[in-house]
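Right, one structure below, let's go through it.
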2 protein chains.
Amino acid sequence: MQSNLHGDERLPIYQRLADALRSDVTEGRLRPGDRVASENELVGKYQMAAGTVRKALDVLVTEGLLERFHGRGTFVRSPSFDASLYRFFRFRAADGNEAIPEGRILRREVELAPSFVARKLGIPEGSPTISMSRLRVSESTPVLAEEIWLPFGRFEKFMDLPIGDVGDLLYPVYDAICGQLVAKADEALTAESSNRETARLLRIEPGTPVMVIDRLAKDFGGVPLEWRRSRGRADQFHYKTEIR
Amino acid sequence: MQSNLHGDERLPIYQRLADALRSDVTEGRLRPGDRVASENELVGKYQMAAGTVRKALDVLVTEGLLERFHGRGTFVRSPSFDASLYRFFRFRAADGNEAIPEGRILRREVELAPSFVARKLGIPEGSPTISMSRLRVSESTPVLAEEIWLPFGRFEKFMDLPIGDVGDLLYPVYDAICGQLVAKADEALTAESSNRETARLLRIEPGTPVMVIDRLAKDFGGVPLEWRRSRGRADQFHYKTEIR
DNA sequence: GAGTGGTCTAGACCACTAT
DNA sequence: TAGTGGTCTAGACCACTCT
């Protein structure tokens, strides 16, 4: 079989192949966990040298879209980072292991989008959204207070799911119930003095510093799926980075 | 000329070449800004295929150690990140441009290392250090209050330099006066309520949240050169990141 | 024009994983 | 044992930079 690559012919062949494979993922023809065609198959399908195919795959591995396993094949990476996203905070159980904190939904209702939420989600002001308050609890200690907004159109079915059936992780539920797959997210960090409401939820003194994490979660195509603002005790916050 | 690669013979050739070139940088035979031998030269020197040389160079480019310019050559990257390190804060001049804030040294003296500093710098407790307080000022507004420690042994000559001759950036001075080149750094972020001293320096109310940034700066070989703790107004702090 | 890195080919052989 | 990715070779041609 002979397939041709689309796109700008001035681009290197490996880039165009990478673009084609990336589209297969962003447009749903390949889903996380799926195996990508082997090097040999791609060589046959697109009629190019094996080295060129490898280079295209290398690009996508570097991007984090694919991962390769010697002897097994090349796979679409599963973005299952809900548990890892709050890596900024100490979520350790007493035994020292990383734990997924419990997620308790305190409130869930359909609400017209406030302007700042609409702007983030890229929907018209006043569109319906699902608005939630959620508390994340680790070892029976509250660690994060969250406010979450979802565009109603894509998440309508989520309202039919009893709150008690929602587990500790939301993203797998978005995928299973609404077919909305969170693939990446932008986060912005800042700190502030806790107000009375936040202090009550986190069981701290009002005025104690809290870290604020705004997150815009998107699908593979970059379409905003969820906006949330999370607050946690600053004295439990620890973010490390290396700089060169 | 024929040179042989050292290191574990079970490792891939491209890895061993990358290791050799990395050592050339960390051990000072190649300095930031220097041109690395061209692909052809490396092929001749180490007797290997051009593709293998390219792969070794790719590794180091990905690491951020080298950068390549089509038609010009491959160069050791200059880590001149002092200005970019405080990228977390709004350091913008009124005209919207990024500005390097002024750096005022308020205090500089030789001091025996407190235990937590000694531990960070990897020197014996009670060793002599140079201890400094420094205020970074942008548009005549104080933005960061810093406490800095240097191991005395490597930075002895720095004490001979009049404080007035130290400019707004310290790392170029460390290099020029003491031959100590900062190549990378680990940072850890947290937030706290400002104490009276910090509040006075930053001209804020005591108790207002401040971000705290601990930084351990190292040379190319990973030897700790400087430890500093910086505090800035949380309401000016903004850190953004993307997650996949 | 000489030298550099960037792309691409067409093979060979090896190491790992599945069955 | 068949199929996969990982390493390595030896070339070709192209695009860019410098002088």
Side-chain angles (χ1 to χ4, degrees), chain A residues 1-22 24-25 30 33-77, chain B residues 1-22 24-25 30 33-77:
Chain A
M1 202 229 303
Q2 158 101 35
S3 293
N4 286 320
L5 289 171
H6 310 102
D8 194 332
E9 306 215 346
R10 294 167 304 182
L11 290 174
I13 298 175
Y14 76 89
Q15 270 298 351
R16 294 165 62 201
L17 174 56
D19 291 345
L21 293 171
R22 200 183 297 106
D24 285 344
V25 176
L30 281 172
D34 286 355
R35 224 203 77 191
V36 178
S38 75
E39 295 182 4
N40 274 333
E41 288 165 345
L42 290 171
V43 164
K45 183 174 179 189
Y46 292 103
Q47 297 293 308
M48 60 182 74
T52 306
V53 169
R54 286 190 67 78
K55 183 140 188 179
L57 294 172
D58 283 346
V59 167
L60 298 173
V61 168
T62 303
E63 279 179 19
L65 192 68
L66 305 181
E67 49 187 345
R68 322 189 72 183
F69 299 95
H70 196 169
R72 281 207 290 138
T74 303
F75 299 81
V76 180
R77 255 187 58 180
Chain B
M1 203 227 303
Q2 159 101 37
S3 291
N4 287 320
L5 289 170
H6 310 101
D8 193 333
E9 305 215 346
R10 295 166 304 182
L11 290 173
I13 298 176
Y14 76 87
Q15 269 298 352
R16 294 166 63 203
L17 174 55
D19 290 346
L21 291 171
R22 199 183 297 103
D24 284 344
V25 175
L30 281 172
D34 286 356
R35 226 203 75 191
V36 178
S38 74
E39 295 182 3
N40 274 332
E41 289 166 344
L42 291 171
V43 164
K45 184 173 176 186
Y46 292 102
Q47 297 293 310
M48 60 182 73
T52 306
V53 169
R54 286 190 67 79
K55 183 139 188 180
L57 294 172
D58 283 347
V59 167
L60 299 173
V61 168
T62 303
E63 278 178 20
L65 192 67
L66 304 181
E67 51 188 344
R68 323 190 71 184
F69 299 96
H70 196 168
R72 282 208 288 138
T74 303
F75 298 81
V76 180
R77 256 187 57 180

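It should be emphasised that the depicted structure is a prediction, and the values quoted were computed from it without experimental measurement. The basis for the numbers below is simple: all heavy atoms, side chains too, and nothing from hydrogens, waters or symmetry mates. Letters A, B, ... mirror the listed sequences (proteins, then strands); counts begin at 1.
A search for salt bridge (Lys or Arg N to Asp or Glu O under 4.0 Å) contacts involving B:Arg54 returns B:Glu39, not counting sequence neighbours. Looking at residues two or more places apart in sequence or on another chain, you find no salt bridge (Lys or Arg N to Asp or Glu O under 4.0 Å) involving A:Arg77. Judged as a side-chain contact (heavy atoms from CB on, under 4.5 Å), and not counting sequence neighbours, the contacts of B:Val43 are B:Ala50, B:Val53. Partners of A:Asp34 according to the side-chain hydrogen bond (donor to acceptor under 3.5 Å, both in side chains) rule, which considers only residues two or more places apart in sequence or in another chain, do not exist here. With sequence neighbours excluded, the residues satisfying salt bridge (Lys or Arg N to Asp or Glu O under 4.0 Å) with B:Arg35 are B:Glu41.
Of the side-chain N and O atoms in B:Ser38, none sit less than 4.0 angstrom from OP1 or OP2 of C:dG3. Within the 4.0 Å cut-off from OP1 or OP2 of D:dG5, at least one side-chain nitrogen or oxygen of A:Thr74 is found.
At least one side-chain heavy atom of A:Val36 sits less than 4.5 Å from a side-chain heavy atom of A:Leu30.
Here D:dG6 presents its P atom at 12 Å from CD of A:Glu67, a figure rounded to the nearest Å. Going from atom CG of A:Leu42 over to atom P of D:dG3 covers 16 Å, rounded to whole Å. Per the geometry, CD belonging to A:Glu39 stands 16 Å off P belonging to C:dT17, to the nearest Å. Separating the CG atom of B:Asn40 from the C1' atom of C:dG6 is a distance of 13 Å, rounded to the nearest angstrom. The separation between A:Asp58 atom CG and C:dT7 atom C1' is 14 Å, rounded to whole Å. The nearest whole Å value for the distance from the CG atom in B:Leu57 to the C1' atom in C:dG6 is 13 Å.
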Inset, instruction - Quick one, give me the B/S/- string for nucleotides 8-19 of chain D, reading 5' to 3', where B means a protein heavy atom under 4.0 Å from the base and S means that only happens at the primed atoms, P, OP1 or OP2. - result: SB-----BBSS-
